[in-house]
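Input: a single structure, listed below in structure tokens.
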Protein chains: 2
Amino acid sequence: MKSEQKPQDIEQTLISRLRDKGYKLTPQRREIIRILARDESHPGAMDILREVRKILPRISMSTVYYTLDMLKKEGFIKELEFYDTENRYDINVSDHINLVCTTCGKITDFMSDVHSFSESVEKETGFRPARMRFEYYGICRNCAGRNGR
Amino acid sequence: MKSEQKPQDIEQTLISRLRDKGYKLTPQRREIIRILARDESHPGAMDILREVRKILPRISMSTVYYTLDMLKKEGFIKELEFYDTENRYDINVSDHINLVCTTCGKITDFMSDVHSFSESVEKETGFRPARMRFEYYGICRNCAGRNGR
DNA sequence: TTCATAATCGGAATGATTCCTACTTATAGG
DNA sequence: CCTATAAGTAGGAATCATTCCGATTATGAA
Ligand SMILES: [Mn+2]
Ligand SMILES: [Mn+2]
Ligand SMILES: [Zn+2]
Ligand SMILES: [Zn+2]
């Protein structure tokens, strides 16, 4: 149910891919990437800002957004959009289902073969799917255990 | 691939259900409901405002949001949230996949048995799904036909 | 018809994200 | 090592859909 690679591998892969593409490797970028690779909870921009500031206290929110935008454009992360709370960022760019806990806010991955759908969608409707967003909202095991059944 | 009921039936059902619950049936509400029941494109709040104003020129955006919020709370519509564009409203409250065209912005329904997932999610992870959001982003038949292939 | 109060209206406030500008820095080539 | 400069960063203003607020209006029960 987890991403296949280790955080450190993801981190190193990302860094060398950015270097190859000619991006400058600033401490800000390295730190943001490090957090994204390790944080399984699909953090938001503010979460990332808070974390990075433990190491780089003067980093600005602008830089966080600028970097996330760049990683997004390069296809290294996915942005999960919510209107009633800040967007969340997902280092797992493969197609999968995100399980959003409405109690604690944590988001976890559910890897599953989800592709059967996209074929029948195109066959039956003519709509050509490019990317998907599958989410379940509910109560995570942790929160269910705490109180009530 | 369409909703089973006719727009007029949906409209009447909604109105009597609101009456039963003690809501006041104002012209504003009737008109908003009429539009939601007929508009297959999953309109946004501004779309709805524009449409309603053809009949009720003085209706305010506040009222549109207030009414949508009420219908949402009562479970009569679903809100689809996007961060980079206004939210869209779906009269189809059953579980289904929404196909979002990234070219023209239209959203269409794809009814499909989607329930197989939720069982395995709970069995394998302990996460208890309450509601779902499944979307494909891509090019609709109409837009694909226009140019390219 | 009267009345209580739910609904409406217009506008201000909110807050995440984007935009703008000036300053700083990482890297490549000499 | 030094320097030039394109790229990146910081800080703050602007944006814009949505929410909130106080004053006014109108629905529906009595
Ligand atoms: Mn994920
Ligand atoms: Mn729909
Ligand atoms: Zn939880
Ligand atoms: Zn289209």
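Keep in mind that what you see is a predicted model, and the values were worked out from it rather than measured. Keep in mind that the numbers below use all heavy atoms, side chains included, and drop hydrogens, waters and symmetry copies. Letters go in sequence order (proteins before strands), and every chain restarts at 1.
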Name the residue closer to the 5' end of DNA chain C, choosing between B:Arg53 and B:Tyr23 according to the nucleotide with the nearest heavy atom. B:Tyr23

Partners of A:Arg50 by side chain to side chain donor-acceptor pair (under 3.5 Å), sequence neighbours excluded? A:Asp47

Using atom CG of A:Asp20 as one end and atom P of C:dT27 as the other, report the distance to the nearest whole Å. 13 Å

Nearest-Å distance, CG (A:Asp69) to P (D:dA7)? 16 Å

Counting only side-chain nitrogens and oxygens, does B:Arg29 get under 4.0 Å of the OP1 or OP2 atom of D:dT27? no

Pairs: protein N or O with nucleotides 12-17 of chain D N or O, under 3.5 Å:
{"unit_1": "D:dG12", "atom_1": "O6", "unit_2": "A:Ser62", "atom_2": "OG", "d": "3.1"}

In whole Å, I'd like the distance from the CG atom of B:Leu56 to the P atom of C:dG10. 12 Å

In whole Å, I'd like the distance from the CD1 atom of A:Ile33 to the C1' atom of D:dG8. 13 Å

Grab the CZ-P distance between B:Arg58 and D:dA26 for me, whole Å please. 10 Å

In terms of heavy-atom contacts, does CZ of A:Arg17 have more than 12 from other residues, nucleotides or ligands at under 6.0 Å? no

Could you tell me whether the phosphate oxygens of C:dA7, OP1 or OP2, come under 4.0 Å of any side-chain nitrogen or oxygen in B:Tyr66? yes

Residue set satisfying side-chain contact (heavy atoms from CB on, under 4.5 Å) with B:Leu25, at least two apart, ordered chain then number -> B:Ile15, B:Leu18, B:Arg19, B:Arg30

Run the side chain to side chain donor-acceptor pair (under 3.5 Å) test against B:Lys54 and tell me which residues pass, sequence neighbours left out. B:Glu51

For nucleotides 24-26 of chain C, which of its nitrogen or oxygen atoms have a protein nitrogen or oxygen under 3.5 Å away, and what is each distance?
{"unit_1": "C:dA26", "atom_1": "N3", "unit_2": "A:Lys24", "atom_2": "NZ", "d": "3.4"}

Interatomic distance, B:Ile77 atom CD1 to B:Leu68 atom CG [nearest 0.5 angstrom]: 5.0 Å

Side chain to side chain donor-acceptor pair (under 3.5 Å) partners for A:Gln28, two or more places apart: none

Rounded to the nearest 0.5 Å, the OG atom of B:Ser62 sits from the CG atom of B:Leu49 at a distance of 10.0 Å

By side chain to side chain donor-acceptor pair (under 3.5 Å), B:Ser41 pairs with (sequence neighbours left out) B:Asp39

Sequence-distant partners of B:Tyr136, ring-ring contact (aromatic ring centres under 6.0 Å, His included), two or more places apart: A:Phe134

May I ask you to verify if any side-chain N or O of A:Thr63 is less than 4.0 angstrom from the OP1 or OP2 atom of D:dT9? no

Whole-Å distance, A:Leu18 CG to D:dG8 C1', equals 13 Å

Check: B:Asp109/B:His42 side-chain N/O donor and acceptor closer than 3.5 Å: yes

Nucleotide D:dT18, atom C1' - distance to CG of B:Leu68 in whole Å: 11 Å

Is A:Asp69 salt-bridged to A:Lys72, cutoff N-O under 4.0 Å? yes

Pairs under 3.5 angstrom, nitrogen or oxygen only, protein versus nucleotides 28-30 of chain C, please.
none

Rounded (10°) bend between the five-pair end axes of the helix from C:dT1-D:dA30 to C:dG30-D:dC1: 40°

Calculate the interatomic distance between B:Leu49 atom CG and D:dT18 atom P; express it in whole Å. 12 Å

All salt bridge (charged side-chain N to carboxylate O under 4.0 Å, His left out) counterparts of B:Arg38, not counting sequence neighbours: B:Glu11

Those residues at least two apart in sequence (or on a different chain) that pass side-chain contact (heavy atoms from CB on, under 4.5 Å) with B:Thr85 are B:Phe82

is_close_aromatic(A:Tyr137, B:Phe127), centroid dist under 6.0 Å: no

